[in-house]
Amino acid sequence: MADIDSLREKFLSDINQAENLDQLTSVKVDALGKKGAISSELAKLGQMDADSRKQSGQLINAVKQEITSALAIKQETLAKQALELKLKSEKIDVTLPSRPAPQAKMHPLSRTMEEISAIFADMGFVIAEGPEIETDENNFTALNIPAEHPARQEHDTFYLKPDADGNRPVLRTHTSPVQIRTMRSTSPPIRIIVPGRTYRSDHDATHSPMFHQCEGLVIGPDIHMGHLKATLIDFCRSFFGVDELPVRFRPSYFPFTEPSAEVDIGCSREGGGLKIGAGDDWLEILGSGMVNPRVLENCGYDSTTTQGFAFGMGVERLAMLKYGIPDLRTFYDSDLRWLHHYGFMPHDIAGLHTGIV
Ligand code: DAH
């Protein structure tokens with residue numbers, strides 16, 4: 001029975017060194033399993049005489065007992081360790097913010113275009129688009145600006161290379177050509193706005209060679225100046241968030257509208273600062289008018305039975321006025337500090353239901 005002591009030593013040390021439950025199970029099998037070392041010792045008792053059996057039996061059973069309880073203690077320790085490890089790995093820090101704060105901000109021009117779109121969408125307008133490279137016909141001629149018309153000079157046009165037929169495409173100088181595209185491809189009623197990029201060869205503190213406009217066009221059998229006025233008064237008041245904002249229609253001239261009116265909003269410049277709202281001064285913010293019958297005819301409409309109104313506004317100017325941005329050039333500087341200051345949270349949706357301002 002000399003080896004029962006060494007078996008005891010071996011198993012107690014194996015139990016001690018087991019690093020996980022799997023290792024401990026295999027120690028248990030080696031010692032106490034059917035073919036385990038301790039079980040084999042017990043099996044040998046049968047062949048012994050009564051005296052040795054009694055003596056060895058007591059010894060082996062005591063060792064078996066000792067190993068069994070060592071296994072149980074170790075089992076508990078390892079199970080606890082395993083649980084702790086699992087809890088640690090699955091730990092959730094409930095104090096962490098659910099989503100990291102976004103680094104990016106939405107550009108104020110994008111925001112302004114979304115606001116303009118939300119206001120007109122609420123009035124039933126849909127968004128129309130057109131290409132930035134336009135034909136001379138769509139950008140000028142069909143809009144009643146023929147080749148020798150003085151309005152052409154005002155547009156500082158970027159002309160592209162002429163095609164095989166000698167037609168020179170242009171970078172569109174305004175969003176008005178989308179009026180032509182829409183009227184030529186659909187029939188009334190029409191109620192569109194066209195936010196988009198426009199280009200003119202002009203660069204200083206108040207002009208950029210690329211800028212944005214938003215055009216509007218409404219066509220139907222009974223559309224009249226009253227609709228134009230109501231639509232634009234509503235727009236100005238919603239956009240600036242001033243219910244009683246004074247709005248003035250001042251006679252003007254555009255080749256594509258007749259009569260034409262420029263729209264001014266009330267403001268005050270008292271004390272050097274500009275304040276939009278009631279005051280003793282006016283600020284021009286958009287151009288408008290009844291669509292010139294010639295333009296309707298150019299698009300194949302019968303101007304005796306169809307009429308409508310159009311308007312156009314500069315998005316940069318509106319954004320500068322609403323958000324107090326003093327220099328137009330900063331829109332395109334890609335300065336992150338500027339964007340952080342003037343930008344908008346990307347999840348803040350512009351809409352009438354959220355309050356535009
Ligand atoms: N296209 C004009 C411009 O670029 C803006 C404009 C004025 C558009 C009057 C219109 C309008 O549709 O009716 O200055």
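We count ligands from 1, going down the list as the structure has it; atoms in each ligand are counted the same way.
- A salt bridge does not link R111 to E114: none of the charged side-chain nitrogens sits closer than 4.0 Å to a carboxylate oxygen.
- Under a 3.5 Å cut-off, the side chain of E215 and the backbone N or O of G312 do not form any donor-acceptor pair.
- Side-chain N or O atoms of R172 include one that pairs as donor or acceptor with a backbone N or O of G130 at under 3.5 Å.
- The contact shell of ligand 1, taken as protein residues with any non-hydrogen atom closer than 4.0 angstrom, comprises H174, S176, Q179, R200, Q213, E215, F254, F256, T257, G287, S288, G289, A310, F311, G312.
- H155 places no side-chain N or O within 3.5 Å of a backbone atom of T157 that could act as its donor or acceptor partner.
- With respect to the salt-bridge test (charged N to carboxylate O, under 4.0 angstrom), the residues E258 and R294 do not qualify.
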Steps toward salt bridge (Lys or Arg N to Asp or Glu O under 4.0 Å) verdict (R152, D136): CA-CA 11 Å; R152 285 226 179 187; D136 192 284; 2.8 Å; yes
